[in-house]
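Since we're looking at a predicted model, the values are computed, not measured. In this chain, residues are counted from 1 in sequence order. Just so you know, these numbers use all the heavy atoms, side chains as well, and skip hydrogens, waters and symmetry mates.
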Amino acid sequence: MIYILSAIFLWSSLAIIIRVSGAPVHSLIFYSCLISSAITGLALTGSRYRSEMPKGKAYLPFLILGPLSLMNTFSFFYAYRNTTIANAILTHYTAPLFVAFLAPLLVRERLTGRILLSVAVATLGLWVLLGLSPGRFAGMLTAGDRETLGTLAGLFSGFAYALLVIVSRVFARSAHPLVMTFFQNIVIVFLLLPFAGILKVPPPPLWTVAIM
């Protein structure tokens with residue numbers, strides 16, 4: 001539970017860094033993942049973790065973590081830049097609602113009445129916190145303004161996060177978290193490398209990358 005709460009705190013506090021840095025979203029993701037993959041890759045060369053690395057084609061399933069994480073992170077950071085921090089975080093944490101319905105389909109978990117009740121209460125609470133009526137939400141969808149795009153990006157990040165959680169849980173049964181993190185970050189670096197080159201994106205401020 002402490003690990004979960006720490007992860008939520010760390011992930012949610014990124015909003016201030018993203019807003020203050022003023023750097024493009026893909027630049028923040030690219031350079032932070034580049035440094036992270038270098039650090040985790042160096043750690044994995046040590047004798048303690050060397051045996052944890054998958055052999056041969058066994059590493060291929062881990063490559064799915066990168067695209068899922070990129071969809072999650074990019075849409076979440078985009079929401080931070082285009083809507084309020086509260087809206088971005090609240091919509092992102094619709095992930096448990098998506099997990100409740102996706103887990104029975106993807107990993108055969110049971111969908112019980114208690115889970116359905118929890119989802120209903122959580123959904124109602126989300127609507128209240130966001131201050132959105134169904135009519136206003138429908139109006140936002142047709143408006144297509146910046147606030148709407150940010151809110152929709154937050155919802156999409158919640159969906160992507162749900163997929164990432166489910167896939168990571170499957171891998172976590174047999175893989176070390178450091179191995180999963182390494183493959184996740186290195187794939188993101190390769191996916192964003194063409195954009196970093198084409199757009200000639202300068203690195204964000206050093207303090208931003210260091211904190212991230």
List the steps, then state whether side chain to side chain contact (heavy atoms under 4.5 Å, CB included) holds for W207 with V20. CA-CA 11 Å; W207 67 265; V20 173; 3.9 Å; yes

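One distance of note links CZ of F183 with CG of L60; it measures 9.0 Å at 0.5 Å rounding. The distance from the CZ atom of F77 to the CG atom of N82 is 13.5 Å, given to the nearest 0.5 Å. One finds the CG atom of L34 at 10.5 Å from the CG atom of L192 (value rounded to the nearest 0.5 Å).
In the displayed structure, L191 atom CG is contacted under 6.0 Å by more than 12 heavy atoms of other residues, nucleotides or ligands. Shown here is L63, whose CG atom has more than 12 heavy atoms of other residues, nucleotides or ligands within 6.0 Å.
The aromatic rings of F98 and F159 stand perpendicular to each other, their planes meeting at an angle above 60°, with 30° marking the opposite boundary.
Ring centers of H26 and F74: at least 6.0 Å apart, outside the cut-off.
Not a single donor-acceptor pair under 3.5 Å links the side chain of S69 to the backbone N or O of L65. One N or O on the side chain of S32 and one on the backbone of L28 form a donor-acceptor pair closer than 3.5 Å. Looking at S37, its side chain does come within 3.5 Å of a backbone N or O of C33 through a donor-acceptor pair.
Residues N72 and S157 bring no donor and acceptor atom of their side chains to less than 3.5 Å of each other.
If you run side-chain contact (heavy atoms from CB on, under 4.5 Å) between T73 and each of L68, I29, L164, only I29 comes through.
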